[in-house]
Amino acid sequence: KEFITVRVQDPRVQNKCSWNAYVDFKIFLHTNSKAFTAKTSCVRRRYSEFVWLKKKLQKNAGLVPVPELPVKTPFFTLDNEDFIENRRKGLQQFLERVLKMTVLLSDSHLHLFLQTQLSVTAIEQCVQGCGPHSVTGAILAYASSNLGWVQEEGAGDES
């Protein structure tokens with residue numbers, strides 16, 4: 001039986017002492033689905049990248065509604081652990097719902113978002129055939145680099 005397990009976890013504040021501070025989250029994917037090139041992956045993404053993904057999925061899904069993201073809150077402090085935890089849960093629910101929608105499982109943006117650490121600009125280029133790799137090549141290159149596993153294994157380390 002096919003399964004797709006996704007976990008959004010380990011929120012981290014980046015650039016803490018600057019105006020550009022943000023929180024990113026680790027996304028761990030484990031699957032045996034034929035829809036995915038790599039069967040396990042681990043990447044870090046921030047909320048704005050989820051917003052970008054939702055827009056891309058909606059554009060490609062046509063009339064099929066894409067699940068909602070947790071609401072954007074313009075003013076919050078990065079020390080607000082309840083807010084960060086609620087956002088983490090909302091992002092987890094978003095991805096779980098997206099991955100249950102068969103129409104979205106063939107979307108290259110989704111695969112590159114979940115299975116590479118490419119920026120959204122690089123994902124766009126890859127999908128348009130303008131990057132150094134095909135979609136599958138980019139995913140395999142990331143999978144073989146072990147970068148995702150460094151993140152997974154180093155999750156408890158404070159650097």
Side-chain angles (χ1 to χ4, degrees), residues 1-12 14 20-76 78 82-145 147-149 151-152:
K1 182 166 168 54
E2 280 197 359
F3 68 88
I4 303 172
T5 303
V6 65
R7 291 193 318 258
V8 177
Q9 55 196 35
D10 189 28
R12 288 191 184 161
Q14 306 292 345
N20 299 336
Y22 63 91
V23 177
D24 68 7
F25 301 86
K26 180 167 61 173
I27 304 169
F28 178 69
L29 178 79
H30 181 63
T31 185
N32 66 355
S33 170
K34 294 181 194 102
F36 287 86
T37 302
K39 300 309 173 193
T40 56
S41 60
C42 186
V43 299
R44 293 198 74 83
R45 295 288 182 191
R46 58 191 288 185
Y47 182 82
S48 61
E49 293 172 303
F50 278 88
V51 172
W52 170 87
L53 176 65
K54 182 181 182 338
K55 286 179 185 167
K56 288 295 168 188
L57 292 174
Q58 190 59 70
K59 184 179 176 189
N60 295 338
L63 297 175
V64 177
V66 172
E68 291 300 319
L69 284 166
V71 294
K72 172 110 175 128
T73 306
F75 301 106
F76 74 94
L78 296 174
D82 289 339
F83 172 81
I84 292 171
E85 177 58 13
N86 286 335
R87 176 166 279 181
R88 185 201 65 75
K89 286 178 183 173
L91 295 174
Q92 167 102 24
Q93 288 175 340
F94 168 76
L95 286 178
E96 286 172 346
R97 290 176 181 149
V98 162
L99 292 169
K100 286 184 175 142
M101 297 178 67
T102 309
V103 68
L104 300 178
L105 286 181
S106 62
D107 193 295
S108 297
H109 296 94
L110 176 65
H111 289 269
L112 291 166
F113 178 88
L114 291 173
Q115 299 201 289
T116 74
Q117 201 57 65
L118 293 174
S119 68
V120 294
T121 304
I123 290 173
E124 291 274 14
Q125 291 171 343
C126 187
V127 169
Q128 293 167 6
C130 301
H133 297 290
S134 65
V135 171
T136 301
I139 292 168
L140 291 174
Y142 185 72
S144 66
S145 72
L147 288 174
W149 291 113
Q151 287 185 36
E152 181 67 11

So T116 and V43, do their side chains get closer than 4.5 Å, heavy atoms only? no
If you measure from CG on L112 to OG1 on T136, what distance do you get to the nearest 0.5 Å? 8.5 Å
Can you name the side chain to side chain contact (heavy atoms under 4.5 Å, CB included) partners of T121, sequence neighbours left out? S119, Q125
So do K54 and E68 actually touch side chain to side chain, heavy atoms under 4.5 Å? yes
Please check: side-chain N/O of S41 versus main-chain N/O of L114, any donor-acceptor pairing under 3.5 Å? yes
What residues, two or more places apart in sequence or in another chain, satisfy ring pair (Phe, Tyr, Trp, His ring centres under 6.0 Å) together with Y47? none
Restricting to side chain to side chain contact (heavy atoms under 4.5 Å, CB included), what partner residues turn up for N86, sequence neighbours left out? none
Could you go through the side-chain contact (heavy atoms from CB on, under 4.5 Å) check for V51 and K72 one step at a time? CA-CA 9 Å; V51 172; K72 172 110 175 128; 5.5 Å; no
Test side-chain contact (heavy atoms from CB on, under 4.5 Å) on V98 and L53; report intermediate values, then the result. CA-CA 11 Å; V98 162; L53 176 65; 5.8 Å; no
Looking at A38 and A143, what are the two nearest heavy atoms and their distance? CB-CB, 4.2 Å
Using a 4.5 Å cut-off on heavy atoms from C-beta on, say whether the side chain of T5 contacts that of F28. no
Determine the interplanar angle of the F3 and H30 rings, folded into 0 to 90°, and report it as parallel if under 30°, tilted if 30 to 60°, perpendicular if over 60°. tilted
Would R45 pass as a cation-pi partner of F113, given that its NZ or CZ must be under 6.0 Å from the six-membered ring centre and within 45 degrees of the axis? yes
Please name all residues satisfying salt bridge (charged side-chain N to carboxylate O under 4.0 Å, His left out) with K55, sequence neighbours left out, ordered by chain then number. none
Not counting sequence neighbours, which residues clear side-chain hydrogen bond (donor to acceptor under 3.5 Å, both in side chains) with E85? List them please. R88
Quick one: pull up CG in L104 and CD in Q58 and give me the separation to the nearest 0.5 Å. 8.5 Å
Suppose we screen for side chain to side chain contact (heavy atoms under 4.5 Å, CB included). Which residues come up paired with V6, at least two apart in sequence or across chains? I27, L29, L95, E96, L99
side-chain contact (heavy atoms from CB on, under 4.5 Å) between R44 and R12, worked out: CA-CA 9 Å; R44 293 198 74 83; R12 288 191 184 161; 3.3 Å; yes
Listed by chain and number, what are the side chain to side chain contact (heavy atoms under 4.5 Å, CB included) partners of R97, not counting sequence neighbours? P67, Q93
Let me confirm one number: the CG-CZ distance from L91 to F50, rounded to the nearest 0.5 Å. 4.5 Å
Determine the minimum heavy-atom distance between A138 and C126, stating which atoms define it. CB-SG, 4.1 Å
Check: S33 main-chain N/O paired with K39 side-chain donor or acceptor under 3.5 Å: yes
Test of understanding: with ring pair (Phe, Tyr, Trp, His ring centres under 6.0 Å), list the residues that count as partners of H133, not counting sequence neighbours. none
Sorted by chain and number, sequence neighbours left out, ring pair (Phe, Tyr, Trp, His ring centres under 6.0 Å) with F36 holds for H111
Scanning both residues in full, the closest heavy-atom pair of V23 with R46 reads O-CB, 3.6 Å
Any I123 side-chain heavy atom under 4.5 Å of W52 side chain: yes
Would you sort out whether F25 and R87 count as a side-chain contact (heavy atoms from CB on, under 4.5 Å), showing the intermediate values? CA-CA 10 Å; F25 301 86; R87 176 166 279 181; 4.0 Å; yes
Which pairs count as salt bridge (Lys or Arg N to Asp or Glu O under 4.0 Å) when at least one residue sits in residues 107-134, sequence neighbours excluded? K56-E124
Could you give the distance from OG (S108) to CD (Q115), rounded to the nearest 0.5 Å? 11.5 Å
